[in-house]
Amino acid sequence: MDAAKLNQLKHFVEQCKSNPSILADPSLSFFRDYLESLGAKLPNSAYSQSKAHVESDEDIEDVAEEQEKVEEVEEDEIIESDVELEGETCEPDDDPPQKMGDPSVEVTEENREASQMAKFKATEAISEGKLEEAIENLTEAILLNPTSAIMYATRATVYIKMKKPNAAIRDANAALEINPDSAKGYKSRGMARALLGQWEEAAKDLHVASKLDYDEEINAVLKKVEPNAHKIEEHRRKYERLHKEREEKRKERERQRRRAEAQAAYEKAKKQERSSSSRNPGGMPGGFPGGMPGGFPGAGGMPGGFPGAEGMPGGFPGGMPGGVPGNVDFSKILNDPDLMTAFSDPEVMSALQDVMKNPANLAKHQANPKVAPVIAKMMSKFGGPK
């Protein structure tokens with residue numbers, strides 16, 4: 001290459017190194033493309049103003065796009081429909097609690113007989129439709145014999161006839177506390193719960209009563225209660241499933257949002273890292289730190305690198321007397337993908353720097369399978385022995 005042109009090229013490269021914005025000139029776009037084809041990472045100033053901001057704009061767009069993809073969409077609130085039920089119900093009674101017997105009282109035989117007599121009177125009153133009178137007689141029977149489950153259960157049935165389900169449930173509970181296997185206790189409580197529209201609880205009580213002591217009245221009530229209980233159960237399961245599906249979708253959207261944020265942060269960090277590395281001063285991309293001061297071979301050598309006039313005593317095999325030939329074509333090195341890849345390896349570059357500082361150090365790197373082939377290939381480019 002003509003020495004004058006080489007000096008001009010050297011001067012141009014030095015100017016580019018000191019002021020990379022020179023490369024922003026549209027007429028030098030071919031040179032930028034060439035450098036990038038070699039793997040060079042150019043600073044933002046080497047591009048036009050619009051180009052310099054493309055990356056940051058793309059960062060913003062990427063993050064916005066990813067977040068938009070997983071932006072949580074507000075779903076309509078799940079509104080449960082009414083269940084169409086059939087059967088007679090009544091308003092809950094709010095009367096003061098009825099009188100209850102004292103279970104700690106010792107019941108004498110006399111009291112027991114008197115309790116039975118009061119119950120007999122209550123039965124007659126019920127048959128005559130005198131429900132209030134029946135309640136009074138049964139309350140007297142309970143006070144005389146508070147240990148009788150049947151007394152409480154019987155009074156509960158009267159309260160059901162009077163459409164006082166809460167009072168009936170209190171008596172049924174008292175009967176079941178005394179006798180957990182009281183069929184009449186479960187039956188009266190089940191019927192009272194049905195009056196309150198507590199269909200599922202009513203069905204459970206009536207099924208237990210039927211197992212303990214089946215009768216036709218229990219079966220008749222169950223036929224009215226069970227369809228409603230099944231409808232309520234199906235309704236509940238349906239909306240439990242819908243709520244569960246909604247929650248799973250919400251969790252999936254949250255996972256996608258976090259993944260998108262993490263991916264966007266990762267991509268942004270990568271771009272920032274590439275941008276930062278492109279601003280680092282230095283010569284060949286990923287290559288010799290400190291650039292190539294002193295110019296190309298044949299023009300004063302490479303201070304800190306290959307001696308330009310004395311060769312490399314104790315250096316590369318066969319030596320390089322007279323230094324690096326002035327007519328070497330450096331494009332062969334820059335266009336060699338293997339060498340450019342090797343120059344990006346910190347271990348290889350460290351070894352080359354070591355040899356540059358002291359050519360005698362070549363010997364300790366000749367056994368390194370990563371370094372020795374690179375040196376041999378560079379020697380072939382310089383016209384030395386292969």
Looking only at non-hydrogen atoms, find the nearest pair between T89 and A194 and report the distance. CG2-O, 3.7 Å
I'd like to check the salt bridge (charged side-chain N to carboxylate O under 4.0 Å, His left out) partners of E234; sequence neighbours left out, ordered by chain and number. none
Between D205 and K187, does at least one N-O distance fall below 4.0 Å, as a salt bridge requires? no
Would R259 and E252 satisfy salt bridge (Lys or Arg N to Asp or Glu O under 4.0 Å), going step by step from the backbone distance to the final call? CA-CA 10 Å; R259 281 198 297 266; E252 179 59 26; 3.5 Å; yes
Would you sort out whether M191 and E217 count as a side-chain contact (heavy atoms from CB on, under 4.5 Å), showing the intermediate values? CA-CA 10 Å; M191 294 175 69; E217 186 178 18; 3.6 Å; yes
Are side-chain N/O atoms of N111 and N145 paired as donor and acceptor at under 3.5 Å? no
Pair M162, I135 - check side-chain contact (heavy atoms from CB on, under 4.5 Å), show working. CA-CA 10 Å; M162 298 173 70; I135 291 294; 3.7 Å; yes
Is it possible for you to say whether V371 and M349 belong to one hydrophobic cluster, with membership spreading through side-chain heavy-atom contacts below 4.5 Å? yes
Minimum heavy-atom distance A342-V374, with the two atoms named: CB-CG2, 3.5 Å
Hydrophobic clustering (ILVMFWY, side-chain heavy atoms < 4.5 Å, transitive) - are L176 and I150 grouped together? no
Nearest heavy-atom approach of L143 to G101 is CD2-CA, 4.1 Å
Of all the heavy-atom pairs spanning K161 and I126, show the shortest one and how long it is. CE-CG2, 4.3 Å
Does this structure show an ion pair linking K17 with E14, if we count only N-O contacts that are shorter than 4.0 Å? yes
With E200 as reference, evaluate R236, K231, R193 under the salt bridge (Lys or Arg N to Asp or Glu O under 4.0 Å) test and give the passing residue. R236
Give the C-alpha distance, both sets of side-chain angles, the deciding distance and a yes or no for salt bridge (Lys or Arg N to Asp or Glu O under 4.0 Å) between R237 and E233. CA-CA 6 Å; R237 287 179 178 177; E233 183 178 7; 2.6 Å; yes
Quick check on the hydrophobic clustering: are Y152 and V158 connected, directly or via other members, by side-chain heavy-atom contacts under 4.5 Å? no
Please indicate whether E247 has more than 12 foreign heavy atoms, meaning atoms of other residues, nucleotides or ligands, lying under 6.0 Å from its CD. yes
By the definition side-chain contact (heavy atoms from CB on, under 4.5 Å), identify the one residue from E109, Q116, M117 that meets it with E113. E109
Between atom NZ of K184 and atom CG of D215, what is the distance when rounded to the nearest 0.5 Å? 10.0 Å
Rounded to the nearest 0.5 Å, what separates atom OG1 in T147 from atom CG in N179? 11.5 Å
Donor-acceptor pair, N361 side chain versus K357 backbone, under 3.5 Å? no
Nearest 0.5 angstrom please: R255 CZ to R250 CZ, how far? 9.5 Å
Check R170 against P97 and note the closest heavy-atom contact, atom names and distance. NH2-CA, 3.7 Å
Report, as yes or no, whether the 6.0 Å neighbourhood of atom CZ on F120 holds more than 12 heavy atoms from other residues, nucleotides or ligands. no
More than 12 non-hydrogen atoms from neighbouring residues, nucleotides or ligands closer than 6.0 Å to CD on E88, yes or no? no
Going from OG on S350 to NE2 on H365, what distance comes out if it is rounded to the nearest 0.5 angstrom? 7.0 Å
Common cluster, I218/W199, ILVMFWY with side-chain heavy-atom separation under 4.5 Å: yes
Passing option when E254 is tested against R257, K251, Q256 for side chain to side chain donor-acceptor pair (under 3.5 Å): R257
Just by distance, do the side chain of S182 and the backbone of I178 share a donor-acceptor pair under 3.5 Å? no
same_hphob_cluster(L144, I142) at 4.5 Å side-chain heavy-atom cutoff: no
Going from SG on C90 to CG on L196, what distance comes out if it is rounded to the nearest 0.5 angstrom? 6.0 Å
Between N368 and E347, a side-chain donor and acceptor under 3.5 Å: yes
Inspect the contact between D93 and K163 and indicate whether a charged nitrogen and a carboxylate oxygen are less than 4.0 angstrom apart. no
Just how far is it from atom CZ of R189 to atom NZ of K204, taken to the nearest 0.5 Å? 11.0 Å
Does E91, at its CD atom, have more than 12 non-hydrogen atoms belonging to other residues, nucleotides or ligands within less than 6.0 Å? no
Please evaluate residues E267 and K270 with respect to the criterion side-chain contact (heavy atoms from CB on, under 4.5 Å), reporting the C-alpha separation (whole Å), side-chain torsions for both, the decisive distance (0.1 Å), and the verdict. CA-CA 5 Å; E267 294 295 338; K270 279 176 60 180; 4.2 Å; yes
Take T139 and Q98 through the side-chain contact (heavy atoms from CB on, under 4.5 Å) test and state the conclusion after the steps. CA-CA 8 Å; T139 300; Q98 63 269 36; 5.8 Å; no
Sequence neighbours excluded, which residues qualify as salt bridge (charged side-chain N to carboxylate O under 4.0 Å, His left out) partners of D102? none
